[in-house]
Amino acid sequence: MSTRYIQRYTDNQRINHWLVVLLFGLAGFSGLALFHPSLFFLTQLFGGPQWTRILHPYLGIGVVLLFLLMFVALRGANLWRREDTEWIKAAPELVLHGDESGMPAVGKYNAGQKLVFWSMSICLTVLLLTGVLFWQAWFANSVPIGLQRVAVVLHALAAFVMSLTAVVHIYAAIWVKGTLRAMTQGSVSSGWAKHHHLLWWREKVGRPE
Ligand code: HEM
C-alpha cells in the first residue's frame, strides 16, 4: 500500500464489524417487534411471532459474541487519556461553529469515538445480563417475577441508549469525510489521519511533524 494510505483495520476486523452491524439490525428489529403492538408487523420479517420470540435472544447473543471480538482487539486504543478530556472541552466549538482551533492532537480514536465504544460495551453487557433473566425458554422459571420486571425495564432502556449511540456513531462516520473507507476498504488517507488523529499518524508514519 502506498504511503498516501494508512491501514486502519484488517480484513477480519472489517468482516467482524459488518457482521455486528447485520446481527445488531436483526436483533434490533426483532426486539422492536416484541416491544409494542404497533410494531408487531415486524414479526413478519422473522417468520411470524413464534419465530421472532425464539430468534431474538439468539441474535442478541450473536451480537454480544461478535462485539466481544471487537472489544478485545480495540479496548486498548479506547482507554481514556489526558488529551481526551481536552477534546471534550473543545468539542462544542467544533460541533456548533466548526471551529477546530482548540482541538488537541489525539491518537487512533478521539474522545467522542471512545465514548461511543464504551457506551456500546456497557449497553450490550446490560442487554445480555437482563435479557437472560426473563428468557422464558431457559432461565425465567427460576427468577423471581419482581426481578424479571426490573430486568425488562432495564433491557428496554439499554436498547434505547444503544440505538441512540448507534445513530451518533453512524452520523459521525458519514459526517467526517473520508472516515467510511476505514470500514469499507480498511485504509484511510494519510491526510485524513494527520488531520483527525495526529498522534496515531505520527506512530504510523514515524515522523514527529
Ligand atoms: C451502517 C451502520 C454503520 C456504519 C456506516 C459504521 C461505520 C464505521 C466506521 C467508518 C468505523 C471506523 C471509524 C474509525 O476508524 O475512525 C466504525 C468503527 C466502529 N464501529 Fe461502526 N458503523 C456502523 C454500525 C455500527 C454498529 C451498529 C456498531 C455496534 C453495534 C458499530 C460498532 C463499531 C465499533 C465498536 C467501531 C470501532 C470504533 C472504536 O473502537 O472506537 N458500528 N464504524
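Just follow the structure's listing: the first ligand is 1, and inside any ligand the first atom is 1. Since this is a predicted model, take the numbers as computed values, not measurements.
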(message) For Asp99 and Ser101, which I'm curious about, is there any donor-acceptor pair between the side chains at under 3.5 Å?
(response) yes

(message) Less than 3.5 Å apart, any donor N or O on the side chain of Thr85 or Trp80 sitting next to an acceptor on the other?
(response) yes

Heavy atom of the protein closest to [atom] (residue, atom name, distance):
atom: atom 16 (O) of ligand 1; result: Gln113 NE2, 2.8 Å
atom: atom 4 (C) of ligand 1; result: Trp18 CH2, 3.8 Å
atom: atom 10 (C) of ligand 1; result: Thr179 O, 3.5 Å
atom: atom 37 (C) of ligand 1; result: Leu74 CD1, 3.6 Å
atom: atom 15 (O) of ligand 1; result: Tyr9 OH, 2.5 Å
atom: atom 34 (C) of ligand 1; result: Met70 CE, 3.5 Å
atom: atom 27 (C) of ligand 1; result: Phe24 CD2, 3.5 Å
atom: atom 38 (C) of ligand 1; result: Tyr109 CE2, 3.8 Å

(message) Taking side chain to side chain contact (heavy atoms under 4.5 Å, CB included) as the criterion, tell me which of Asn110, Leu198, Val106 meets it with Glu83.
(response)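 Single side chain to side chain contact (heavy atoms under 4.5 Å, CB included) partner of Glu83 among Asn110, Leu198, Val106: Val106.
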
(request) Would you please determine whether His196 falls within less than 4.0 Å of ligand 1 on a heavy-atom basis? (result)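 Flag not set, His196 not near ligand 1.
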
(request) Please state whether Phe71 comes within less than 4.0 angstrom of ligand 1, counting heavy atoms only. (result)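 It does not; every heavy atom stays at 4.0 Å or beyond.
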
(request) Record the part of Lys108 in heavy-atom contact with ligand 1 below 4.0 Å; permitted values are side chain, backbone, both and neither. (result)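 Within the 4.0 Å criterion, Lys108 makes no contact with ligand 1.
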
(message) Please work out, at 4.0 Å between heavy atoms, whether the side chain, the backbone, both, or neither of Leu180 comes within that distance of ligand 1.
(response) both

Can you tell me if [atom1] on [X] sees more than 12 non-hydrogen neighbours from other groups inside 6.0 Å?
X: Phe35; atom1: CZ; result: no
X: Phe29; atom1: CZ; result: no
X: Arg181; atom1: CZ; result: yes

(message) Given 3.5 Å as the limit, does a donor-acceptor pair link the side chain of Gln13 with the main chain of Thr10, or not?
(response)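 Present.
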
(request) Keeping waters out of it, list the protein N, O or S atoms under 2.8 Å from atom 21 (Fe) of ligand 1. (result) His17 NE2, His169 NE2

(message) List ligand 1 atoms under 4.0 Å from Arg8, heavy atoms only on the residue side.
(response) 14 (C), 15 (O), 16 (O)

(request) Using a strict 4.0 Å cut-off to heavy atoms of Phe67, name the atoms of ligand 1 that fall inside it. (result) 35 (C)

(request) Please indicate whether any nitrogen or oxygen in Asn78 is less than 3.5 Å from any nitrogen or oxygen in ligand 1. (result)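 It does: an N or O of Asn78 is found under 3.5 Å from an N or O of ligand 1.
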
(request) Ignoring hydrogens, just give me the one of Gln13, Met120, Arg14 whose non-hydrogen atom is nearest atom 29 (C) of ligand 1. (result) Met120

(request) Give the C-alpha distance, both sets of side-chain angles, the deciding distance and a yes or no for ring-ring contact (aromatic ring centres under 6.0 Å, His included) between His17 and Tyr9. (result) CA-CA 10 Å; His17 175 269; Tyr9 296 104; 7.7 Å; no

(request) Answer yes or no for Arg8 and Tyr109: cation-pi contact, defined as NZ/CZ to six-membered ring centre under 6.0 Å and angle to ring axis within 45°. (result)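 Geometry flag: set, cation within 6.0 Å and 45°.
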
(message) Under 4.0 Å between a side-chain nitrogen and a carboxylate oxygen: does that hold for Arg14 and Asp11?
(response) yes

(message) Any non-hydrogen side-chain atom of Phe71 less than 4.5 Å from a side-chain atom of Thr125?
(response) no

(request) Check whether any side-chain heavy atom of Phe46 lies under 4.5 Å from a side-chain heavy atom of Thr43, and answer yes or no. (result)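 SC-SC contact between Phe46 and Thr43 ruled out.
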
(request) Please confirm whether Trp192 and Tyr5 have ring centers closer than 6.0 angstrom. (result)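 So the answer is no for these two rings.
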
(message) Quick check: closest heavy atoms across Val63 and Ala27, and the distance to 0.1 Å?
(response)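 Looking at all heavy atoms of both residues, the shortest contact is CG2-CB, 4.2 Å.
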
